[in-house]
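Below is one structure; the comments refer to it alone.
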Amino acid sequence: MVTNSSNTKSTTHKPAPNSVDELLERASLLAGLTLGELAQIENIRVPDDFKREKGWSGQLLELALGAQAGSKAQQDFANIGVELKTIPIDTNGNPLETTYVCYAHLTDIAGIQWATSSVRNKLNKVLWVPIDGRRDIPPAERCIGTPFLWSLQGEQEAYLRQDWEEIMDMIAMGDIEKVTARHGEFMQLRPKAANGSALTDAIGKNGQIIQTRPRGFYLRKEFTRKILRDYFS
DNA sequence: GAGTGATCATAG
DNA sequence: CTATGATCACTC
């Protein structure tokens, strides 16, 4: 039932969890609920599809778990160093979409190291929340799966680091226009903007500033599939 | 059908 | 515009 007419935006939100355990505890209570049921608890309406509200699921979970809403370039739960990511899955538990990591800066990148990069920081600790993402099911009926904590390390970190360095090298060399989503085995760079007319500064072939479409880093499905498989099997 | 490139909403 | 939350939708 979709009867929220006011949908008053609350200016107050839940307090953020004070520990990872508390976050996991809260998150585990959501497993098994449908998005419709959680939306009712949080008193927000559910869209009939995500054509015009693509980030709706993620924002619902932020609300339910007490993440700071907003667009700060930091982890969702900065006090405990955890990032929240919802991930749409099919009936086999495989990812249906790539996963956005962070915005990519295309200038002033000299001296940026992997260890202190935005990608590394964002993925240090992630609370993954699988959600049924089948498009033939209305969002309200889609079920929330079992949330789990994951850390970027070992072989997985090495893979992402390699992709990141390859892409960043191209950007630094003024080859941003040569970078396509086909680069990177496990992490790719793709446009990230409100529309095709958005432009931002980047490094040109002769070191000058050029204008190009804003980009973001995304995890390929093969990478997140492994994360899910490692946890659930 | 999969994957790349494009796009939607919102906050600051 | 930057940056967050992502999924859409067209092309291959």
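As the structure is a prediction and not an experimental result, all values here were calculated from the model. Convention: sequence-line order gives letters A, B, ...; per-chain numbering from 1.
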Revision key, fill the gap. Nearest-nucleotide check on DNA chain C, A:Gln59 vs A:Arg142; residue mapping nearer the 5' end is A:Gln59

Practice item. Tell me which nucleotide among C:dT7, C:dT2, B:dT4 gets nearest to the side chain of A:Phe50. Key: C:dT7

Practice item. Look at all strands and tell whether A:His105 reaches a base, only sugar-phosphate, or nothing, counting heavy atoms closer than 4.0 Å. Key: sugar-phosphate

Review point. Between the side-chain atoms of A:Arg190 and the base atoms of C:dT7, is any donor-acceptor pair under 3.5 Å?
Key: yes

Review point. More than 12 heavy atoms of other residues, nucleotides or ligands under 6.0 Å from CZ of A:Phe50: is that the case?
Key: yes

**Study point:** Residues clustered with A:Tyr100, ILVMFWY side-chain links under 4.5 angstrom
**Key:** A:Tyr103, A:Tyr218

Point to revise | Contact nearer the 5' end of DNA chain B, comparing A:Lys221 with A:Tyr218 | key: A:Lys221

Point to revise | First encountered from the 5' end of DNA chain C, between A:Arg135 and A:Glu62 | key: A:Glu62

Practice item. Rounded to 10°, tell me the angle between the two end axes of the helix from B:dG1-C:dC12 to B:dG12-C:dC1, each built from five pairs. Key: 30°

Review point. According to a strict under-4.0 Å criterion, is A:Arg213 in side-chain N/O contact with OP1 or OP2 of B:dT7?
Key: no

Review point. Can you tell me how far C1' of B:dC8 sits from CZ of A:Arg52, to the nearest Å?
Key: 7 Å

Practice item. Identify whether any heavy atom of A:Tyr100 sits under 4.0 Å from a base atom; if not, whether one sits that close to sugar-phosphate; answer base, sugar-phosphate or nothing. Key: base

